[in-house]
**Q** 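I'd like to ask some things about the structure below.
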2 protein chains.
Amino acid sequence: MAKAKRPLKWQRDPEGMRLRILEAAKQEFSAHGLAGARVDRIAAKAGANKRMLYYHVGNKDELYLAVLEGAYDKIRSEERGLDLEHLDPPEAIRRLIEFTWNYFLCNPEFLSLLQTENLARAKHLKKSTKVKSMHSPFVEMIRTVVRRGVDSGDFQVAVDPVQLYISIAALSFFYLSNSATLSVIFGRDLLDKKAKDERLAHMSGLVLAALTGRSVELFEIAKAPKSRSAVVQTV
Amino acid sequence: MAKAKRPLKWQRDPEGMRLRILEAAKQEFSAHGLAGARVDRIAAKAGANKRMLYYHVGNKDELYLAVLEGAYDKIRSEERGLDLEHLDPPEAIRRLIEFTWNYFLCNPEFLSLLQTENLARAKHLKKSTKVKSMHSPFVEMIRTVVRRGVDSGDFQVAVDPVQLYISIAALSFFYLSNSATLSVIFGRDLLDKKAKDERLAHMSGLVLAALTGRSVELFEIAKAPKSRSAVVQTV
DNA sequence: CGAGAAATTAACCCGTTGGATAAATACTGT
DNA sequence: ACAGTATTTATCCAACGGGTTAATTTCTCG
């Protein structure tokens, strides 16, 4: 009822239409996966006639790929906006972890889309020259930061930047993308405020302790106030 | 052609039939997700008439839930078979990481099923009293091992066992479940032998370094031979 | 052996869904 | 103003896909 659409007279708006279609498609594909997504729902959500999808983007698969490319484009763009090279190495890594965590937290559709694409064994991504050319600036950033950290003595060990990049992503990604099943298994909500704060502290503590070798102060809840045994985390 | 099925005369085999159905369903759901799975394909793969699915298990959703419960049942069972409590703490953690890694590696359908279920926000799992009652023995195991490690001085810090459990799972899970897209992004096969060996070494090194504070020897490639700078990993 | 129950097959049903065709309407440049 | 093109709407449809109905075969046990 609130839908109120009176296409008695309509206007042209190709760019806007395309954007609305892609946004609606992102929602639909991330909520239902590729096979579960419904072309008609995308059209409805975009306030468009179904034909418009094919006219402006293409068939279901092409639409999906366009959404996926858009998602990678967005994260790469935000990654480039981050300047961590001038920070001291431990702080740079901490910021990197926080950025990753927050990005995933604020962009759950990105997680869903990646899950969906991996379920499809990256079948679509492989066809995208666009995405293949979008390299994350983080790998090189990590490489130089680790090198600096080792030189300065902050870090004990030179770790492969690709491995570290994957590990940092993994710690956030898995927690968030699997929060639904994990919450059921553990019988507690992993997404409430307290749990999320603890998770971020744990991840930062784990990675920084591994790199610096000085665990104790790092494993505390970030900026932990209160009277809490200095070493023991929420057991 | 090789399908050769002659149901001219057939035999009864309810238990066998049920097993074949569940196995075929596991394959289908993990390969295509819930929405992408085809009931007819499951029947065909099971060498059964479609009607049999409904007769022995139930509709598509019930079939899916049965598969999911079976998957959890299997991993819990293998987890219970592991006895790590008597090992010294660092070795226990290392073994735990190796078990997790190998289990995921050998049971890719489990990863896919979890991904699918999380895409559905654990909608089905929530309805399963069976799964909810299947607690992993690892959380308590980690709790006692960490306690022992702290007491013995092996570990620098008492970490929340749930967080550690999730982190260990995360490091393996993400790498494997997202290997398809990551391989495209990095332009190299993350699943070849060398890459997998390096990943396991990295994960063990990361977690044990964080816990013990002694990174150097732990970050080497496991049992690394050859002439390789002792500290630098595959940069 | 034979009747009733259990297991399996064969065939059909019907709403859904991705995609296509054709007609209508809104712009744009001349 | 108007011809031509770009954009949008209105309908249609054939294949698909989950689920069902009914008949058929096999087994069990008295």
**Q** Between the protein and nucleotides 1-6 of chain C, list every N/O to N/O distance that falls short of 3.5 Å.
**A**
{"unit_1": "C/dA6", "atom_1": "N3", "unit_2": "B/Arg12", "atom_2": "NH2", "d": "2.1"}

**Q** Without decimals, in angstroms, what is the distance between B/Glu28 CD and D/dG17 P?
**A**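 About 10 Å, once rounded to whole Å.
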**Q** Heavy-atom count around B/Lys123 NZ within 6.0 Å, excluding the residue itself: above 12?
**A**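 Open.
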**Q** Provide a list of protein-nucleic acid N or O atom pairs under 3.5 angstrom, restricted to nucleotides 13-17 of chain C.
**A**
{"unit_1": "C/dT17", "atom_1": "OP1", "unit_2": "A/Arg38", "atom_2": "NE", "d": "2.5"}
{"unit_1": "C/dT17", "atom_1": "O5'", "unit_2": "A/Arg38", "atom_2": "NE", "d": "3.4"}

**Q** Rounded to whole angstrom units, what separation is found between the CZ atom of A/Arg51 and the C1' atom of C/dT21?
**A**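 In whole Å, C/dT21 C1' lies 9 Å from A/Arg51 CZ.
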**Q** Round to the nearest Å and state the distance from B/Met52 atom CE to D/dA22 atom P.
**A**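 Going from CE in B/Met52 over to P in D/dA22 covers 16 Å.
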**Q** Please determine, by modelled atom types, if A/Thr144 and A/Glu85 share a side-chain donor-acceptor pair under 3.5 angstrom.
**A**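 Per modelled atom types, A/Thr144 and A/Glu85 side chains form a pair under 3.5 Å.
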**Q** Please confirm whether B/Tyr175 and B/Phe104 have ring centers closer than 6.0 angstrom.
**A**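 No, too far apart.
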**Q** Nearest to the side chain of A/Asn49, heavy atoms from C-beta on, is which of C/dC27, C/dG19, D/dT9?
**A**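 Nearest nucleotide to the side chain: D/dT9.
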**Q** Would you give the length of the straight line joining atom CD1 of B/Ile142 to atom CG of B/Leu164, rounded to the nearest 0.5 angstrom?
**A**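 Here the interatomic distance stands at 5.0 Å.
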**Q** Under a 3.5 Å threshold, yes or no: a donor from one side chain and an acceptor from the other, between B/Ser183 and A/Arg121?
**A**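 No, because no side-chain N or O of B/Ser183 sits under 3.5 Å from a partner of the opposite role on A/Arg121.
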**Q** Taking 4.0 angstrom as the limit, do B/Lys26 and B/Glu23 come out as a salt bridge?
**A**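 A salt bridge is present here (some side-chain N lies under 4.0 Å from a carboxylate O).
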**Q** Return yes if a side-chain donor-acceptor contact under 3.5 Å exists between A/Ser136 and A/Arg80, otherwise no.
**A**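 There is no such pair between these side chains.
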**Q** Round to the nearest Å and state the distance from A/Asp13 atom CG to D/dA6 atom P.
**A**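 Checked: the CG to P distance equals 17 Å.
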**Q** What nucleotide among C/dT9, D/dT9, D/dG19 has an atom nearest to a side-chain atom of B/Lys50?
**A**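 Of C/dT9, D/dT9, D/dG19, D/dG19 is nearest to the side chain of B/Lys50.
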**Q** Check whether any side-chain N or O of A/His56 sits under 4.0 Å from OP1 or OP2 of D/dA6, and answer yes or no.
**A**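 So the side-chain polar atoms of A/His56 never come under 4.0 Å of the phosphate oxygens OP1 or OP2 of D/dA6.
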**Q** Any side-chain donor-acceptor pair under 3.5 Å between A/Ser177 and B/Asn118?
**A**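 There is no such pair (donor and acceptor under 3.5 Å, judged by atom type) between the side chains of A/Ser177 and B/Asn118.
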**Q** Taking CZ from A/Phe29 and C1' from C/dG18, how many angstroms apart are they, rounded to a whole number?
**A**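 These atoms are roughly 11 Å apart.
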**Q** Check the distance between D/dA6's C1' and A/Glu15's CD and give it to me in whole angstrom.
**A**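 Value for this atom pair: 12 Å.
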**Q** Tell me: OH of B/Tyr54 to C1' of C/dT8, nearest whole Å?
**A**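 B/Tyr54 atom OH is separated from C/dT8 atom C1' by 16 Å.
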**Q** Could you pick out which residue, A/Gln11 or B/Leu34, lies toward the 5' side of DNA chain D when each is mapped onto its nearest nucleotide?
**A**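 The answer here is A/Gln11.
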**Q** In whole angstroms, how far is the P atom of D/dC27 from the CE atom of B/Met17?
**A**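 Those two atoms, CE and P, are 13 Å apart.
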**Q** Under 6.0 Å between the ring centres of A/Phe174 and B/Phe173?
**A**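 Close enough - the centres of the two rings lie under 6.0 Å apart.
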